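Quantities reported herein were computed from a predicted structural model and do not represent experimental measurements.
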Amino acid sequence: MKIEPFGVEQWMNAWETKCELNLAETCVASLTLAELMQMAGTTQQMPSELARMQMTYGEIRGSTRLRGLVAGMFADQRAENVLITHGTIGANHMVYQTLVGAGGVDERPDHVVAVTPTYQQHTAIPRSLGAEVTEVALSEAGSWLPDWDAVAAAMTPATKVIALTNPNNPTGALIERDGLERVAEIARSVGAWVLCDEVYRGTEQGDPVPSIVDVYDKGISTGSTSKAFSLAGLRLGWIVGPERLLDDCEVHRDYTTISVGMVDDYFAAMALDAKDVILERSHEITRGNLAVLDAWVQGEPKARYIKPKAGTTAFVALNLGISSYDQCVALLKDTGVMFTPGSALGVEGYVRIGFACYPQVLKEGLERVSQWLAKQPAAS
């Protein structure tokens with residue numbers, strides 16, 4: 001199976017160990033296990049519980065406790081609607097393996113409509129499986145929200161999946177309930193699924209919005225402990241959707257990961273049991289940091305953006321006469337500050353700035369960037 005290189009991951013792999021201030025990071029500042037245990041109130045019992053844990057495969061779909069805690073983050077889901085996976089990245093991959101391929105309706109390839117920019121999995125994986133992918137582009141002029149008429153126009157009888165990230169990666173745009181109901185209506189017209197990568201769910205700047213699984217009976221939500229829960233090192237995620245879909249996904253998972261690790265499952269359950277405390281910390285960091293970033297953009301003559309409504313990243317245009325890749329490399333070499341070039345996400349003319357790091361890192365990084373920008377000629 002051939003697949004295109006993963007632009008963001010290649011960029012991160014090449015540079016994240018070479019920077020001084022990482023403003024390309026997308027996870028809310030990571031927790032230590034000591035911090036997690038303190039938040040969960042398990043400092044005393046955890047060592048003995050782990051010591052007694054027998055290192056078997058455990059429950060193949062994920063522990064009943066963890067699946068119940070994941071289901072509890074949705075309006076109308078049960079543990080039976082949850083399959084635990086190796087991160088959101090494993091969840092998305094498994095869904096595409098299950099739903100799309102080269103031989104679909106009347107032996108034509110299956111079709112995916114992907115709203116872009118997005119996490120590259122949602123275009124590259126279905127293509128690698130032989131599906132046709134139509135990208136419907138978001139725009140700054142449209143506040144990075146989908147043009148639902150364009151999505152509807154892209155549908156065909158072979159469309160199996162509409163793919164979204166909500167909150168959007170990289171722009172931080174947030175599709176509200178009316179938009180989710182509209183995409184459900186569009187998908188329903190041809191019997192398609194809606195795969196909504198909700199890995200940034202829980203990072204809203206205001207009130208939360210519903211999950212696609214609580215709006216549409218063929219909605220699929222993927223997520224993980226990586227972003228809002230600050231525990232990327234667990235590599236633990238989930239698929240939430242109809243039981244029949246999860247049964248089919250499990251057939252594919254038997255050939256890959258079989259199950260997640262019992263220790264990862266244990267700490268993930270600990271985190272979700274303490275979700276209110278952890279998300280309060282995440283909101284404090286992301287909401288405070290976005291205020292800092294917003295003030296910086298408003299005061300920086302070479303920068304503009306649409307202020308994110310959720311997520312941990314902003315898509316910022318810098319008025320320079322060089323490509324986004326060259327901007328980011330020069331910035332790294334001159335200042336030690338790391339952004340992500342928009343070209344790594346398939347959109348030239350922007351950089352992705354992560355604002356979920358510790359506040360002092362963001363403030364120092366933006367100050368260095370301003371000093372650097374003042375020395376750069378603006379685009380003619």
Return yes if a side-chain donor-acceptor contact under 3.5 Å exists between [X] and [Y], otherwise no.
X: R235; Y: T225; answer: no
X: S128; Y: K2; answer: no
X: T171; Y: N168; answer: yes
X: Q120; Y: E4; answer: yes
X: E300; Y: S370; answer: yes
X: S211; Y: D214; answer: no

W238 and T222: CA distance, side-chain angles, deciding distance, side-chain contact (heavy atoms from CB on, under 4.5 Å) verdict: CA-CA 6 Å; W238 48 79; T222 56; over 6 Å; no
[atom1] of [X]: more than 12 outside heavy atoms within 6.0 angstrom?
X: Q45; atom1: CD; answer: yes
X: K218; atom1: NZ; answer: yes
X: D217; atom1: CG; answer: yes
X: E181; atom1: CD; answer: yes
X: K375; atom1: NZ; answer: no
X: Q10; atom1: CD; answer: yes
X: K363; atom1: NZ; answer: no

Test log, rule side-chain contact (heavy atoms from CB on, under 4.5 Å), inputs S230 and R281: CA-CA 10 Å; S230 304; R281 170 188 180 267; 3.1 Å; yes
Check: [X] side chain, [Y] main-chain N or O, donor-acceptor pair, under 3.5 Å:
X: K18; Y: A14; result: yes
X: R352; Y: L345; result: no
X: K227; Y: V199; result: no
X: S282; Y: A228; result: yes
X: H283; Y: G202; result: yes

R127 and E135: CA distance, side-chain angles, deciding distance, salt bridge (Lys or Arg N to Asp or Glu O under 4.0 Å) verdict: CA-CA 12 Å; R127 285 190 181 115; E135 297 184 29; 2.8 Å; yes
Which atoms form the tightest heavy-atom contact between [X] and [Y], and what is the distance?
X: A158; Y: P109; answer: CB-O, 3.8 Å
X: S224; Y: S226; answer: OG-N, 3.0 Å
X: C357; Y: I285; answer: O-CG2, 3.5 Å
X: R67; Y: E59; answer: NH2-OE1, 4.1 Å
X: V161; Y: A192; answer: N-CB, 4.3 Å

From CA spacing to verdict: ring pair (Phe, Tyr, Trp, His ring centres under 6.0 Å), Y216, W193: CA-CA 9 Å; Y216 180 41; W193 296 85; 8.0 Å; no
From CA spacing to verdict: side chain to side chain donor-acceptor pair (under 3.5 Å), Q327, Q376: CA-CA 10 Å; Q327 288 177 31; Q376 311 304 313; over 6 Å; no
From Q121 atom CD to I3 atom CD1, the distance as rounded to the nearest 0.5 Å: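 That separation rounds to 8.5 Å.
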side-chain contact (heavy atoms from CB on, under 4.5 Å) between Y200 and N166, worked out: CA-CA 7 Å; Y200 293 96; N166 193 42; over 6 Å; no
Test applied, side chain to side chain contact (heavy atoms under 4.5 Å, CB included); reference residue, V183; option that passes from I175, V113, I212: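 Running side chain to side chain contact (heavy atoms under 4.5 Å, CB included) over I175, V113, I212 with V183 returns exactly one hit, I212.
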Positive for side chain to side chain contact (heavy atoms under 4.5 Å, CB included) with T98, one of I220, L246, D248: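 By the side chain to side chain contact (heavy atoms under 4.5 Å, CB included) criterion, T98 pairs with just one of I220, L246, D248: D248.
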Would you mind writing out the side-chain donor-acceptor pairs for residues 137-148 within the sub-3.5 Å range, not counting sequence neighbours?
from, atom 1, to, atom 2, distance (Å)
S139, OG, G142, N, 3.0
E140, OE1, R304, NE, 3.4
E140, OE1, R304, NH2, 3.1
E140, OE1, Y350, OH, 2.6
E140, OE2, R304, NE, 3.0
D147, OD1, D149, N, 3.1
D147, OD1, A150, N, 3.1

Charged tip of R201 within 45° of F74 ring normal and under 6.0 Å: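 Satisfied, under 6.0 Å and within 45°.
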Working for side-chain contact (heavy atoms from CB on, under 4.5 Å), residues M338 and M12: CA-CA 9 Å; M338 182 176 176; M12 299 295 283; 3.7 Å; yes
Side chain to side chain donor-acceptor pair (under 3.5 Å) between H111 and T134, worked out: CA-CA 8 Å; H111 180 237; T134 299; 2.7 Å; yes
